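Quick one: the structure is below, questions incoming.
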Amino acid sequence: MNPLSHVAIIMDGNGRWGLKHKNSRNEGHKAGLKTVEIIIKETIKLKIKYLTLYAFSTENWNRPQYEIKYLFSLLEDFLLKKIDDLHKQNIKLNIIGVKNFSKKLNKLLNSSEKKTSKNTRLQINLALNYGSKSEIINAIKKISINNDKINEKNLSKYLQTKNTPDPEILIRTGNTKRLSNFLLWQLAYSEIFFEKKLWPDFGEKDYIKIIRKFKKIKRNFGKI
Ligand code: FPP
């Protein structure tokens, strides 16, 4: 059975779900947040130590203002209501991406990270304004400023996912098969599961099914 410490997820399909069921993309995001909570709970049950969620990419700024505003108000609301609960559950919140949001949101993100920084049960890496190519470029710049050797170990150390093992599993919901500038370095050897269901329809049973499948895969890492 394969060990499993880190699951990464591209939560795709909110917009389509919202349009189909409520005639509103934003309603899809609202429903998607419920799935986030279900998956966090299940991740704890499964004793997985790291969960990385792609919530907002650098490319997502090209969406209409009302949708961007709604997404960040959902996030703000979620943190205000749930951060104490996450803390009580010994969950650490770590933001990856560039925090250049409103002063208010930046402050809330920083205080949420600080509050939960010593927690050990589960680390949630929330990718916000995240793009993998720029993460890699920034890492290389820092290596060169520090006059460090450019090698795989050092590069991993300078990424925002430092101290996090690479994901053994990537799940992308929403019936789309691409990586969308997400964790390009870290996913080099991950098992990838493309799921037809839209994110708000994805549930614990689907999650468990994927993990069961993963556990049985023969992982060779290039060997035979
Ligand atoms: C992709 O679906 C999803 C997003 C860009 C946002 C993800 C946000 C959530 C799951 C809810 C909020 C989460 C937090 C942590 C506050 P899409 O909109 O691209 O769907 P589509 O492909 O159907 O258009």
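All residue numbers refer to positions in the sequence shown, counting from 1. Atoms within a ligand are numbered from 1 in the order they appear, just like the ligands themselves. Because the structure is predicted, anything quoted here is derived from the model rather than measured.
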statement: In Lys81, Lys104, Lys69, Lys107, the residue satisfying salt bridge (Lys or Arg N to Asp or Glu O under 4.0 Å) with Glu76 is Lys104
task: Starting from atom 10 (C) of ligand 1, locate the nearest protein heavy atom and write down its residue, its atom name and how far away it is, to 0.1 Å.
output: Asn14 ND2, 3.3 Å
task: Output, in order, the C-alpha distance, side-chain angles, deciding distance and verdict of side-chain hydrogen bond (donor to acceptor under 3.5 Å, both in side chains) for Gln123 and Asn125.
output: CA-CA 6 Å; Gln123 175 169 328; Asn125 295 321; 2.8 Å; yes
message: So, regarding Arg63 and ligand 1 (criterion: nitrogen or oxygen to nitrogen or oxygen, under 3.5 Å), is there a contact or not?
response: yes
query: Touching ligand 1 at all, Gly174? Heavy atoms, strictly under 4.0 Å?
result: no
Ligand-side contact atoms (ligand 1) for residue partner Ala55, heavy atom cut-off under 4.0 Å: 4 (C), 5 (C), 6 (C), 7 (C)
Thr43, Ile48, Leu46 screened by side chain to side chain contact (heavy atoms under 4.5 Å, CB included) with Val7, the one that passes: Ile48
- request: Could you check which of Asn26, Leu33, Asp77 puts a non-hydrogen atom nearest to atom 12 (C) of ligand 1?
  value: Leu33
field: Region of Asn60 that comes within reach of ligand 1 [heavy atoms, distance under 4.0 Å]
entry: side chain
message: Evaluate Tyr54 for polar contact with ligand 1, using N/O atom pairs at a separation under 3.5 Å.
response: no
- request: State the CD1-CG distance between Ile83 and Leu108, to the nearest 0.5 angstrom.
  value: 8.0 Å
Contact (N/O only, under 3.5 Å) between Gly15 and ligand 1: yes
query: Which of these passes side chain to side chain contact (heavy atoms under 4.5 Å, CB included) with Leu159: Leu183, Ile136, Ile96, Thr164?
result: Ile136
task: For Leu75, counting its heavy atoms only, list the atoms of ligand 1 lying under 4.0 Å from any of them.
output: 16 (C)
- prompt: Quick check: does Asp12 get an N/O under 3.5 Å from an N/O on ligand 1?
  reply: yes
- request: Just need the protein heavy atom nearest to atom 21 (P) of ligand 1, so name the residue and atom and give the distance.
  value: Arg16 NE, 3.6 Å
message: With heavy-atom distances below 4.0 Å as the criterion, list the atoms of ligand 1 near Trp199.
response: 10 (C)
Met11: numbered ligand 1 atoms lying under 4.0 Å from its heavy atoms: 1 (C), 2 (O), 3 (C), 10 (C)
message: If we check side chain to side chain contact (heavy atoms under 4.5 Å, CB included) with Ile171, which of these qualifies: Phe202, Trp199, Phe194, Phe214?
response: Phe202
message: Which residue in the set His87, Lys88, Lys92 passes side-chain hydrogen bond (donor to acceptor under 3.5 Å, both in side chains) when paired with Asn119?
response: His87
query: To which protein heavy atom is atom 24 (O) of ligand 1 closest, and what is the distance rounded to 0.1 Å?
result: Arg25 NH1, 2.9 Å
- request: Identify the protein heavy atom lying closest to atom 11 (C) of ligand 1, giving its residue, its atom name and the separation to 0.1 Å.
  value: His29 O, 3.5 Å
- prompt: In terms of side-chain geometry, is the basic nitrogen of Glu113 or Lys99 positioned less than 4.0 Å from the acidic oxygen of its partner?
  reply: yes
Heavy-atom nearest neighbour in the protein, as seen from atom 15 (C) of ligand 1, with distance rounded to 0.1 Å: Leu126 CD1, 4.0 Å
field: Donor + acceptor pair across side chains of Asp148, Tyr158 (<3.5 Å)
entry: yes
message: Check the orientation of Phe56 and Trp61. Use parallel for under 30°, tilted for 30 to 60°, and perpendicular for over 60°.
response: perpendicular
